[in-house]
Amino acid sequence: MSLVSVVIPVFNVEKYVRECVISFLNQSFKDFELIFVDDASSDKTVDIIKSFDDERIRIFSIEKSSAANARNFGLSKTNGKWIIFFDGDDFCNNKFLEKMHNKAEEFDCDMVICASAEYIEKKKKISRHRIAHTLKNIDDKYQNSANSLHEISNNSLLEFVEPWNKIYKKEFLIENNIKFPPVLCAEDTPFSYKALLCAKKISFVKEELVFIRRRKSSLSFSTNKNWINYFYAYEESDKIVFEYPHFDEIKEAYFERKIDTFSYFYKKAGILNKIPYLIKTFKVINNANETIGKNKYSLFSIIF
């Protein structure tokens, strides 16, 4: 049985998937499997993956659906004790698996989070503008222990709504029924919130081990077509977060993240979508203000 299973959904990433595969085959930690789930690619993505002669690589194909379904399907095929969800256009440091696995084993964690950076495809350079992802706001002492979100008492953790800089215990995911919801994009938001809030043992590796490629053709940047899915994703997240026993302690940080997200994607939405976007956002703002008990947000804060 492979100790670490890496689940990677792929769709038309022929330009980038080779670098992704190589970054894993060059890992110092060798006991892993790479599970690629092809979501009906029409380019040479699968051919490129098949060109690597390594028994640790497994390829599955599904009918065109979504990254959420691909990840859930991939999870069902894993053999490992530990699970990593990755994207086919990203890449990682060659110590990624070793450091994440060792920390997870050391403290018997439900999940471990590492520092990450963005690789800006257009400029061909690394960006560290998302301070939360550098883990600079996390006290060093939390690297040497495993604690729940409530015990860590650091609301910057609510910024971690992506799965790619984490390793999860498979048993933890199954016991808590943590799956990706069926939305077209932003499916990692409710998934990550449920994992963060359910985890009793979270630890950190404060080293930059993952590099996320930012490119305009990626699904997360296709806001003009997919803007409605961000509302669906946060509706699912609300169901999870509002039931958290310590919700009062995190509610302002949660809504801050939520409103910032809608503001960011409003600016990216096409002109024909801006009015329906604002109509739906108005309801989100009213809910946020009512829940935190003060008029902190307005449409003005979204537009500007």
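Below, each value reflects all heavy atoms present in this structure, side chains not excepted, and no hydrogens, waters or symmetry copies.
Between K294 and E252, at least one side-chain nitrogen of the basic residue sits less than 4.0 Å from a carboxylate oxygen of the acidic one, meeting the salt-bridge criterion. Between D87 and R71 there is a salt bridge, with a side-chain nitrogen of the basic residue lying less than 4.0 Å from a carboxylate oxygen of the acidic one. Of the charged side-chain nitrogens involved, at least one lies within less than 4.0 Å of a carboxylate oxygen, so that E105 and K81 count as a salt-bridged pair. Using a 4.0 Å cut-off between charged nitrogen and carboxylate oxygen, K50 and D47 do not count as a salt-bridge pair. A salt bridge is absent between D89 and K15; no separation between the charged side-chain nitrogens and carboxylate oxygens falls under 4.0 Å.
For the 3.5 Å distance criterion, the side chains of K251 and T291 fail to qualify, holding no donor opposite an acceptor. Between the side chains of Y297 and E256, at least one donor N or O sits under 3.5 Å from an acceptor N or O.
Within the 4.5 Å cutoff, side-chain heavy atoms of Y234 are placed close to those of T261. Taking 4.5 Å as the limit, every side-chain heavy atom of K95 sits out of range of all side-chain heavy atoms of F29.
Just one of T189, D238, N287 meets the side-chain hydrogen bond (donor to acceptor under 3.5 Å, both in side chains) condition when paired with K258; it is D238.
The ring pair (Phe, Tyr, Trp, His ring centres under 6.0 Å) search around H150 returns H246, not counting sequence neighbours.
Checking side-chain atoms of N295 against main-chain N and O of N289 turns up no donor-acceptor pair under 3.5 Å. Looking only at distances, a side-chain donor or acceptor of S192 sits under 3.5 Å from a matching main-chain atom of V161. Between the side chain of D90 and the main chain of R213, a donor-acceptor pair closer than 3.5 Å is present. Judged by distance alone, the side chain of T45 and the main-chain N or O of V13 form a donor-acceptor pair under 3.5 Å. Distance alone, capped at 3.5 Å, places no donor-acceptor pair between the S263 side chain and the D260 backbone. In this structure, N165 contributes its side chain and A115 its backbone to no donor-acceptor pair below 3.5 Å. No side-chain donor-acceptor contact under 3.5 Å links K201 to the backbone of A146. The main-chain N or O of K30 is found under 3.5 Å from a side-chain atom of R56 such that the two form a donor-acceptor pair. Within the 3.5 Å criterion, the main-chain N or O of Q143 finds a donor-acceptor partner in the side chain of K103.
Residue K44 qualifies as open at atom NZ: its count of foreign heavy atoms under 6.0 Å is 12 or below.
Note: Y193 and Y254 have perpendicular aromatic rings, judged against thresholds of 30 and 60 degrees for the angle between ring planes.
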